[in-house]
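Step one of this worksheet: look at the structure below.
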2 protein chains.
Amino acid sequence: MGRRARLRAQTTAEIKAVALKHLGEGGPDAVSLRAIGREMGMSGSAIYSYFDTRDALITTLINDIYTSLLDQVETARDAVAPGDIAGRILAWGQAVRVWSLANPEGFRLIYGDPVAGYQAPAGGPAPEAAKRACLGLTELAAAAWPYAKATQASTDYRWSDFSSGLADTIREHLPDLPPAVVALALRMWGRMHGLISLEVYGHLGTQTGDPAKLYHAELLDLLRSLGLDVERPRRPRTPQAST
Amino acid sequence: MGRRARLRAQTTAEIKAVALKHLGEGGPDAVSLRAIGREMGMSGSAIYSYFDTRDALITTLINDIYTSLLDQVETARDAVAPGDIAGRILAWGQAVRVWSLANPEGFRLIYGDPVAGYQAPAGGPAPEAAKRACLGLTELAAAAWPYAKATQASTDYRWSDFSSGLADTIREHLPDLPPAVVALALRMWGRMHGLISLEVYGHLGTQTGDPAKLYHAELLDLLRSLGLDVERPRRPRTPQAST
DNA sequence: ACAAAGTTTGAACGCCGTTCTGATATGGAG
DNA sequence: CTCCATATCAGAACGGCGTTCAAACTTTGT
């Protein structure tokens with residue numbers, strides 16, 4: 001890699017850094033090519049050498065931020081012993097909320113209307129990080145499955161219910177997994193996402209002064225619905241025999 | 001009310017109607033004062049006679065849309081016999097999802113980043129419709145409480161955990177209600193919101209082809225966690241005696 | 001040393017919200 | 001009916017935006 005490529009990579013990184021800074025300080029509107037260029041001492045149109053369009057820049061920002069979220073969440077999960085399934089799920093859920101509240105603009109970028117008129121690249125593959133999130137949750141759901149199986153409603157799922165990309169990835173990492181586990185993982189995702197999303201967007205703050213307590217109770221209820229005992233000792237009870 | 005006031009009301013209504021149309025057709029960006037004026041045959045600046053600023057227009061749109069959502073949801077709920085608690089919760093939840101998928105731009109406006117640079121009126125009272133939603137869910141939670149009480153985790157809530165506006169409204173309509181019921185209602189809200197939000201913003205579609213099945217399973221699990229039997233006969237079992 | 005490729009600038013186009021200056025129409029008081 | 005305050009409107013203007021384009025400048029490989 002010549003000197004030129006190095007400069008290019010450096011400038012690209014600086015653009016992303018400035019964009020992230022503006023995002024955090026002034027919200028999504030502050031992420032404008034002209035403003036970024038102004039701060040970097042170059043004209044706004046020069047950025048088009050590095051990103052085809054503003055949406056392309058936003059897209060890579062989303063990928064970066066999403067990746068950082070997953071890094072943090074996975075780290076929190078791995079700080080709990082692999083055998084402590086309830087503890088791992090709890091750690092995952094709490095980490096998602098902590099990150100989201102610490103990076104509300106990032107959360108909005110990933111999960112909400114990112115920025116004026118941004119259109120996600122259509123038809124493209126699902127973002128890598130989204131699959132990673134889903135896979136991580138599926139692993140947790142799979143670990144809880146022996147306990148949760150009996151409690152789940154009798155909806156029957158097929159692999160065809162899920163996108164081939166997701167299904168293939170999961171079956172590669174976790175063979176012999178019933179598709180219902182993936183559905184459970186997606187529901188766990190939604191359950192964590194709901195309260196966090198309401199809180200980040202300020203809908204919960206006007207109703208309750210203590211969203212943390214609410215969220216914690218929700219996670220406990222989630223564990224209970226997975227058949228994992230949670231009051232006092234956090235060890236799960238013995239899984240039931242297969243039906 | 002003179003002729004003048006009538007004209008004014010009419011023009012105001014037309015502005016809102018055109019704004020809603022643009023919102024549905026072109027997304028949030030299409031809601032621009034200039035574009036609205038263009039379509040109405042008047043200059044963009046003329047709208048400033050009717051709304052102080054674009055954000056004011058957006059704010060009334062949000063109120064209107066939020067109200068229409070609650071009208072529809074309450075209608076769906078009231079189509080189920082008052083005694084069928086599980087059925088009412090199910091109807092509420094399904095109605096929220098149906099409305100959200102039919103009005104994704106409205107959903108984004110209410111719950112997401114509404115539009116470029118919009119700032120919700122700070123310090124103002126919580127939107128009327130939000131309290132209405134919360135109150136409706138609290139009624140459902142209160143009806144389910146005799147069955148759900150025993151299943152809830154032992155988090156203890158106080159009235160001071162909630163905003164005074166909400167707490168007062170609720171205690172006015174439903175006296176002698178434990179604050180834990182409000183917490184339960186907020187959690188129910190979050191639980192419905194999670195999957196719907198993921199679906200509306202397209203995060204679920206890339207992972208599963210059948211979000212409806214997922215959402216229905218989630219509602220069933222919610223009912224189960226409320227202590228309401230749900231397989232086949234939808235009648236709740238007898239409430240347990242007070243602990 | 002020189003041509004090819006990459007990078008940057010600055011003007012331009014059309015969009016936006018908002019403000020301001022006048023022009024025009026309306027409504028009520030005398 | 002007249003007259004004037006008030007409400008409504010058009011149009012220009014300011015500064016912001018994403019994007020395009022021709023022209024200049026810099027680096028690279030030969």
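Values reported hereafter were calculated over all heavy atoms of this structure, with side chains retained and with hydrogens, waters and symmetry mates removed. To find a chain, count down the sequence lines: A is the first, B the second, and so on, and within it residues start at 1.
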Set out, in order, the CA-CA distance, both residues' side-chain angles and the distance that settles salt bridge (Lys or Arg N to Asp or Glu O under 4.0 Å) for B/Glu218 and B/Arg97, then state yes or no.
CA-CA 12 Å; B/Glu218 179 68 7; B/Arg97 177 167 176 271; over 6 Å; no

In whole Å, I'd like the distance from the CG atom of B/Leu57 to the C1' atom of C/dT18.
14 Å

Rounded to the Å, how far apart are A/Arg6 CZ and C/dG6 P?
18 Å

Donor-acceptor check, side chain of A/His203 to backbone of B/Ile110, threshold 3.5 angstrom: yes or no?
yes

Report yes or no: does A/Arg8 contribute a side-chain atom to a donor-acceptor pair with the main-chain N or O of A/Ser49 at less than 3.5 Å?
yes

Euclidean distance, atom CD of residue A/Glu39 to atom C1' of D/dC17 [Å, nearest integer]
17 Å

Can you give one letter per nucleotide of nucleotides 7-17 of chain C, 5' to 3': B if a protein heavy atom sits under 4.0 Å from the base, S if only from the sugar-phosphate, - if neither?
SBBB-B---BB

Can you label the angle between the B/Trp159 ring and the B/Phe162 ring as parallel, tilted or perpendicular, going by 30° and 60°?
perpendicular

Using a 3.5 Å distance criterion without hydrogens, assess whether the side chain of A/His193 forms a donor-acceptor pair with backbone atoms of B/Gly194.
no

